[in-house]
Amino acid sequence: MLSNLAEIEQEINSFPVTGPDELENFRLKFISRNGLLTKLFEELKNVSREEKPAVGKKLNEVKKLAEGKYNSLKEQFDDTTSAKETIDLTLPAAEFSIGREHLISQTLAEMVKIFREIGFKVTDGPELEEEFYNFDALNTPAHHPARDMQDTFYVQSKVDKDKKYVLRTHTSPVQIRTMLANKPPLRIISPGKVFRNETVTFKNYFMFHQLEGLYVDKNVSMQDLKGVLAYFFKKFYGEKTKTRFIPSFFPFTEPSGQIDISCFICGGKGCKTCKETGWLEVGGCGMVDPNVFKSVNIDPEEFTGYAFGIGMERITMMKYGIKDIRTFYQNDVRFLDQF
Ligand code: DAH
C-alpha cells in the first residue's frame, strides 16, 4: 500500500488543473466522499498491525497534500471569477479629467500673438535678476526714492558675493539686457513673472505677470506708442475699446504715462468695475529716458524709443470679471476649468 500511496502522491502533484472544471474533477477523483483517498482510509483496516502506523501517517500526508492543492487552486479561481463578475461592461467609462492651459497662459499666448502680428519679437530674461538690471541701469540708483515704488525681495548669493540679486520686480530689466545684446532697431516684447514683497490681498499677490514692450529706432515718437497700445487693446478687448494716457512717473521713461482703457463693462459711462470713472488702469509706458540709453551705450541723439509694461493678471481679471487675484494661484480646478 505504501508504494501505491507514493504513486497517488505523484498523481496528485502532476494532475493538471487549469480551470474550475478540472479542479472539480480533481476533487471528485481524490477528496470527495467516493474519491480515492476515502477508499484508502477504508482499506486501512485491512493493513497489518506492523504496517499500520507508517501507512496511516503516509495516508494523512497524501490527504493533506490533495486538500492543500485543492484549496489553494479554489481560492485562485474564486478570486478571478468574482473579479470577473464585478466588471460591468455596460457602465460608462469613468470620467478622465485632462488638464488645460492656465488662464494666464492663455492671456500670454493671446498677447504674444497680437504683438507678433505687428512685428514684435519675443525675448526673455531671468527671474532672479541682478540689481543692476532691475534698478541701476533703469535710471534708478540705490537710495533713489523710486525704489520704494516696488517692494523688493532681495537675494543674497553665496557664490557671487559682489553681485547683488533681486527677484525681478518688473519685466523692465529685459529692456536693458536686450539693448546691451543687440543694436537698434529693436522691437521686442517680453512676458514673464515678477515678484513683489506685498501683503497678499484680493488685488495684490507676491508674484504676478507683466508684458514688457520696447521699440527703439530713429524717430520713434509718442504717437507711435499711443498707436500701438490703442491697437493692442482694441484687439484684446474689442474694437470699441478706447485708450487714454495720463501723466505719471517712472525713472526709466520721460515723459511717462499711465495707460487707461475705457471700461468695457459700462462702455465708459461709469460703473462699479471702473469705480464710476469710466476708465481702468492697465499699465505704464513712456519714452525711453536718455539716461537709460546711456547705460546701454545707445546714443540718445541718434535713437529714440518707447517702452510699456502691462499687468497680465489685471487685464485678465477685467476681461473675465475675476474679483480676486488669489484665485489664479490656488489651483482650484473648479475655478480654472471655467476658462
Ligand atoms: N515697470 C513698470 C512697473 O512695473 C511698468 C512700466 C512703466 C514699464 C513704464 C515700462 C514703462 O516699460 O515704460 O510698474
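All figures in this text were calculated on a predicted structure; none of them were measured in a lab. All ligand and atom numbering here is 1-based and tracks the order in the structure.
Residue contacts with ligand 1 include Ser172, since one or more of its heavy atoms lies under 4.0 Å from the ligand. Within the 4.0 Å heavy-atom shell around ligand 1 one does not find Glu254. Within the 4.0 Å heavy-atom cutoff, Phe252 counts among the residues contacting ligand 1.
Here the OG atom belonging to Ser105 is positioned 7.5 Å from the CE atom belonging to Met312, to the nearest 0.5 angstrom.
Residue Phe250 places no N or O, backbone or side chain, under 3.5 Å from any N or O of ligand 1. For ligand 1, one of its N or O atoms has an N or O atom of His170 under 3.5 Å away. For ligand 1, none of its N or O atoms has an N or O atom of Gly284 under 3.5 Å away.
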request  = Starting from the C-alpha separation in whole Å, work towards a yes-or-no answer on ring pair (Phe, Tyr, Trp, His ring centres under 6.0 Å) for Tyr231 and Phe120.
outcome  = CA-CA 13 Å; Tyr231 170 83; Phe120 283 82; 9.9 Å; no
task = List the steps, then state whether ring pair (Phe, Tyr, Trp, His ring centres under 6.0 Å) holds for His170 with Phe250.
result = CA-CA 12 Å; His170 51 179; Phe250 295 100; 8.8 Å; no
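Residue contact check: Gln210 has heavy atoms under 4.0 Å from atoms 3 (C), 4 (O) of ligand 1. The distance from ligand 1 to the heavy atoms of Thr253 drops below 4.0 Å at these ligand atoms: 13 (O). Near Gly286, with a cut-off below 4.0 Å to any heavy atom, the atoms of ligand 1 are 13 (O). Listed by atom number, the atoms of ligand 1 under 4.0 Å from Gln175 heavy atoms are 12 (O). Listed by number with element, the atoms of ligand 1 under 4.0 angstrom from any heavy atom of Arg196 are 3 (C), 4 (O), 14 (O).
Using a 30° and 60° split on the angle between ring planes, Phe15 and Phe26 fall in the perpendicular class, above 60°.
Among pairs with a residue in residues 241-255, those fulfilling salt bridge (charged side-chain N to carboxylate O under 4.0 Å, His left out) read Arg244-Asp260, at least two apart in sequence or across chains.
Ring to ring, Phe308 and Phe115 are close: their centroids are under 6.0 angstrom apart.
Residues forming a salt bridge (charged side-chain N to carboxylate O under 4.0 Å, His left out) with Glu129 (at least two apart in sequence, or on another chain): Arg177.
Within the 4.5 Å cutoff, side-chain heavy atoms of Leu225 are placed close to those of Leu229.
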